[in-house]
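Input: a single structure, listed below in structure tokens.
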Amino acid sequence: RKSPAFRELLAVVLQIGNFINHGVVESAEGTVRAFAIESLHVLHSFKKHGISALHCLCLTMRAEDDEFMQRLRHSLQHVSDASRERIESLEGEVKTFCDDCRFVENWALHAANRPNERAVSELVGVLQSECREASSSIDVAKTAVSAAQAYFSVSRGTATSAPGDLFCHVSAFLRQFQVCWLEVSSGRGRWAQFAAIV
């Protein structure tokens with residue numbers, strides 16, 4: 001949500017979608033005002049005369065800013081990593097860590113009146129603090145992911161929908177966009193003629 005380049009891109013996607021569906025570029029009554037992020041992949045498959053809507057998007061963005069792809073990648077540099085993480089797995093790892101902390105805490109209770117009791121007690125305190133911090137971080141992450149998915153209209157309630165699907169959709173789209181960007185940037189052949197039109 002905080003990437004200006006991504007917002008610019010989505011605004012142009014909306015215009016392209018309205019042009020394809022309604023023959024208009026500007027928002028008017030009956031045109032679409034929003035779309036779901038998971039629908040971005042269709043830009044690559046919608047083609048007319050051998051050029052896809054994704055190529056039109058690249059040509060448009062490149063005509064406005066030769067460095068757009070670099071700005072976009074920089075502003076979304078963590079999306080690829082986030083797409084490979086599953087919040088459920090991280091949540092499970094934190095739960096396992098906290099269970100281990102409780103085991104150490106129980107063991108420390110039985111280690112009372114031993115020469116290293118003070119060091120063990122300090123270790124237990126550190127582990128308890130880290131367990132609380134990790135649990136809190138997971139809660140914050142889940143809330144942020146849910147808010148982002150709601151903002152970008154990533155479907156909920158389907159069998160395949162899971163927290164973090166947003167990052168998978170955006171990451172896949174960025175890979176497609178980058179391939180088309182490189183094709184368009186080559187300037188050879190047919191892309192040069194389309195670039196002149198945009």
Side-chain angles (χ1 to χ4, degrees), residues 1-11 13-14 33-44 54 68-181:
R1 285 178 13 176
K2 295 180 180 179
S3 166
F6 193 52
R7 283 195 308 271
E8 291 170 35
L9 182 82
L10 294 178
V13 168
L14 188 60
R33 294 189 182 133
F35 61 91
I37 289 292
E38 60 263 39
S39 66
L40 285 172
H41 73 280
V42 300
L43 292 172
H44 188 272
L54 189 57
F68 179 79
M69 187 67 207
Q70 184 177 355
R71 287 192 310 114
L72 181 66
R73 276 197 323 231
H74 178 72
S75 69
L76 299 175
Q77 61 186 313
H78 302 293
V79 168
S80 180
D81 291 339
S83 73
R84 290 188 292 273
E85 293 289 345
R86 302 313 284 170
I87 197 107
E88 301 87 0
S89 297
L90 295 173
E91 195 171 26
E93 290 175 22
V94 168
K95 183 187 178 314
T96 299
F97 173 71
C98 290
D99 289 346
D100 291 346
C101 290
R102 281 188 286 283
F103 174 80
V104 171
E105 184 179 354
N106 288 331
W107 175 83
L109 291 173
H110 293 75
N113 300 323
R114 294 197 179 157
N116 59 357
E117 179 180 356
R118 183 171 181 213
V120 170
S121 178
E122 288 175 6
L123 173 63
V124 167
V126 168
L127 290 174
Q128 288 171 336
S129 174
E130 288 182 3
C131 176
R132 284 190 301 274
E133 184 178 334
S135 296
S136 175
S137 294
I138 285 291
D139 291 342
V140 167
K142 285 170 54 178
T143 300
V145 166
S146 293
Q149 288 195 173
Y151 180 83
F152 285 111
S153 302
V154 174
S155 298
R156 291 196 236 184
T158 63
T160 58
S161 181
D165 280 354
L166 166 69
F167 304 114
C168 294
H169 294 301
V170 173
S171 182
F173 171 73
L174 287 175
R175 284 191 301 275
Q176 286 182 334
F177 184 74
Q178 187 167 5
V179 167
C180 285
W181 184 273

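Nothing here was measured: the structure is a model prediction, and the numbers come from that model.
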Measure across Gln178 and Arg73 and return the closest heavy-atom pair with its distance rounded to 0.1 Å. NE2-NH1, 2.8 Å

For Glu105, what residues pass the salt bridge (Lys or Arg N to Asp or Glu O under 4.0 Å) criterion, not counting sequence neighbours? none

Contacts of Val104 meeting side-chain contact (heavy atoms from CB on, under 4.5 Å) (sequence neighbours excluded), chain-then-number -> Val124, Leu127

Could you measure the distance from the CG atom of Leu54 to the CG atom of Leu40? Nearest 0.5 Å is fine. 9.0 Å

Applying salt bridge (Lys or Arg N to Asp or Glu O under 4.0 Å), which residue pairs with at least one partner in residues 121-132 are found, sequence neighbours left out? Arg118-Glu122

When rounded to the nearest 0.5 angstrom, what distance separates CE in Met69 from CG in Leu174? 6.0 Å

For Cys131, enumerate each residue passing the disulfide (SG to SG under 2.5 Å) test, keeping only those at least two apart in sequence or located in another chain. Cys98

Restricting to side chain to side chain donor-acceptor pair (under 3.5 Å), what partner residues turn up for Glu93, sequence neighbours left out? none

Side chain to side chain donor-acceptor pair (under 3.5 Å) partners for Ser171, two or more places apart: Arg175

Quick one: CD on Glu91 to OG on Ser135, what's the gap to the nearest 0.5 Å? 9.0 Å

Pairing residues for Phe68 by the ring-ring contact (aromatic ring centres under 6.0 Å, His included) criterion, not counting sequence neighbours: none

Pair Arg86 + Asp165, salt bridge at N-O below 4.0 Å: yes

Which value, rounded to the nearest 0.5 Å, describes the distance between Ser83 atom OG and His169 atom NE2? 11.0 Å

Test of understanding: with side chain to side chain donor-acceptor pair (under 3.5 Å), list the residues that count as partners of Ser39, not counting sequence neighbours. none

For the student: nearest non-hydrogen atoms of Phe167 and Val79, plus distance: O-CG1, 3.7 Å

Contacts of Arg102 that satisfy side chain to side chain donor-acceptor pair (under 3.5 Å) - sequence neighbours left out: Asp99

With no hydrogens and no angle check, just 3.5 Å: does a side-chain donor-acceptor pair link Arg84 and Ser80? yes

Would you give the length of the straight line joining atom CG of Leu9 to atom CG of Leu14, rounded to the nearest 0.5 angstrom? 11.5 Å

CD1-NZ distance between Ile138 and Lys95, expressed to the nearest 0.5 angstrom: 13.5 Å

